[in-house]
Amino acid sequence: KLALKRLTGSDLTLFEWQFRTINKGNQKSINLNANIFVEKLYPLLPQLADEKGGRIPIDLSIYGPGLNGLDNLQRKIIKGGTYKNWRLNGEFIYNRPETPDRYNILEEGDFSLFEFYGIEYPSAAKLLLIAKNAEHDAKLYNELDRFSEGKSMIKLESSELQEMVATSNPDKEHPVYEFVLENDLEEIILSGGDVDQNSITSKPSLRSINAADFQKAKKSAEINGRRGEEFTNEYFIHLMNSGKITSFNWHSNINPISPFDFSYVDSLGKEIYLDVKSTSGPFENTIHISFNELLQMEGSDRYDLYRVYSISENTAILKFANNLSEWARTILNILNQLPNGVRSAGVSLKPEVLEFGHEIRLSIENE
């Protein structure tokens, strides 16, 4: 759950140096706007907070401004009876002796990027501080400023943040990469480890990845895979209702190890098989095709590949590459030259290897 908050003078009073030197009141907390924090991220929070006495303890990991690394603190999220918004509260955030002026650069209008962990209420959060006057934050700040369009607080999708990081291209040591781990870990998980190790280990955030983050990314990849199929299912319902196809079947919903996810019968009565490759990241992310999928591709009169990407809660984008039987035959001819007793689990490829069609915007209603 990602959110971007533009810091106000009152928010800055949570930092001891700003509280002492800038007269912006006695709030000593960061406001978390209810229209985003509650309505968009945690709609059950008001009820659950009542059960917890209006205080939600939170393990807070702070990064930034600039290239500053982890500062781990224990804080709480509260909403008092007279507060309009929820607040990240607790003791002052102090400069540590080893970084005596770390937080002093923060000003009104700078950004706080939150990643909250927890389904019904937050139990932990990462906070990245981005200062417009910090040398290593400047380009990222400009991207966030453009995207937020002056709003006080907004919800972010993972794909949106990934795109802004890619555009601004911060220094490779920048802690923002801690907030886009999902894309790189998804690559490792879906490939079974068949990735460019030099590329992966050159990213500081992946040098010491912990088991919790890895399991989170693994679960996220599974959810994205399922979600991509749900979007495709909705797409086929629309095609059938509009008379463009006669029928379709969602095979992997019944048999998760099926070498194809869907089949449909077109208006000419021809049956077509396809597999769905999903990612919350951009279209350019690597696609992984199993050996059994290649065999099915080769043996089918027509087998298509559906790429569902930039998956968010309610929207995604679809492109598809048609009729890959001959392409699969070429790949299998190469793989079949491996020594006896040796078999490849599959292949990994960049999407530009195949000829994909135009973008189709998908949406789905959450019940």
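For this chain, numbers begin at 1 and follow the sequence in order.
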Should F262 and Y306 be marked as a ring-ring contact (aromatic ring centres under 6.0 Å, His included) after you check the CA-CA gap, both sets of side-chain angles, and the distance that decides it?
-> CA-CA 10 Å; F262 289 85; Y306 279 41; 7.9 Å; no
Apply side-chain contact (heavy atoms from CB on, under 4.5 Å) to the pair F111 and D145, showing each step before the final yes or no.
-> CA-CA 9 Å; F111 286 110; D145 187 49; 4.1 Å; yes
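Under 3.5 Å, the side chains of Y309 and E359 contain a donor-acceptor pair of N or O atoms. For the 3.5 Å distance criterion, the side chains of S325 and W327 fail to qualify, holding no donor opposite an acceptor. Side chains of T330 and N333: no donor on one and acceptor on the other come within 3.5 Å.
Nearest heavy-atom pair across T279 and N285 is OG1-ND2, 3.1 Å. The nearest pair of heavy atoms linking F356 to L305 is CE2-O, 3.9 Å. Closest approach of E108 and L12 over heavy atoms only: N-CD1, 3.5 Å. For the residue pair G66 and D137, the shortest heavy atom distance occurs at N-OD2, 2.9 Å. Summarising the geometry of V308 relative to T232, their closest heavy-atom pair is CG2-OG1, 3.7 Å, with the distance given to 0.1 Å. In this structure, D59 and N72 approach most closely via the heavy-atom pair OD1-ND2, 3.3 Å.
Cation-pi geometry between K126 and F179 is met: the NZ or CZ atom falls under 6.0 Å from the ring centre, inside 45° of the normal.
Checked options I58, I62, L127; the residue passing with L73 is I62 (criterion: side-chain contact (heavy atoms from CB on, under 4.5 Å)). Checking each of Y264, F260, Y303 against Y273 for a ring pair (Phe, Tyr, Trp, His ring centres under 6.0 Å) leaves exactly one that passes, namely F260.
At least one side-chain heavy atom of F116 sits under 4.5 Å from a side-chain heavy atom of F37. Using a 4.5 Å heavy-atom cutoff, the side chains of R75 and L88 are in contact. Counting heavy atoms from C-beta on, the side chains of K5 and I36 never come closer than 4.5 Å. Side-chain contact between L335 and L294 is present, with at least one heavy-atom pair separated by less than 4.5 Å. Side-chain contact between I289 and D275 is absent, with no heavy atoms from C-beta onward closer than 4.5 Å. Looking at L338 and R343, their side chains never come closer than 4.5 Å, going by heavy atoms from C-beta outward. Inter-residue side-chain proximity for N142 and K132 is flagged as unmet; no heavy-atom pair is nearer than 4.5 Å. Contact annotation: the side chain of K40 never approaches that of M153 to less than 4.5 Å [non-hydrogen atoms, C-beta and beyond].
A salt bridge links E230 with R226; the closest basic N to acidic carboxylate O contact falls under 4.0 Å.
Distance alone, capped at 3.5 Å, places no donor-acceptor pair between the S148 side chain and the K151 backbone. In this structure a side-chain-to-backbone donor-acceptor pair under 3.5 Å is present from E160 to E157.
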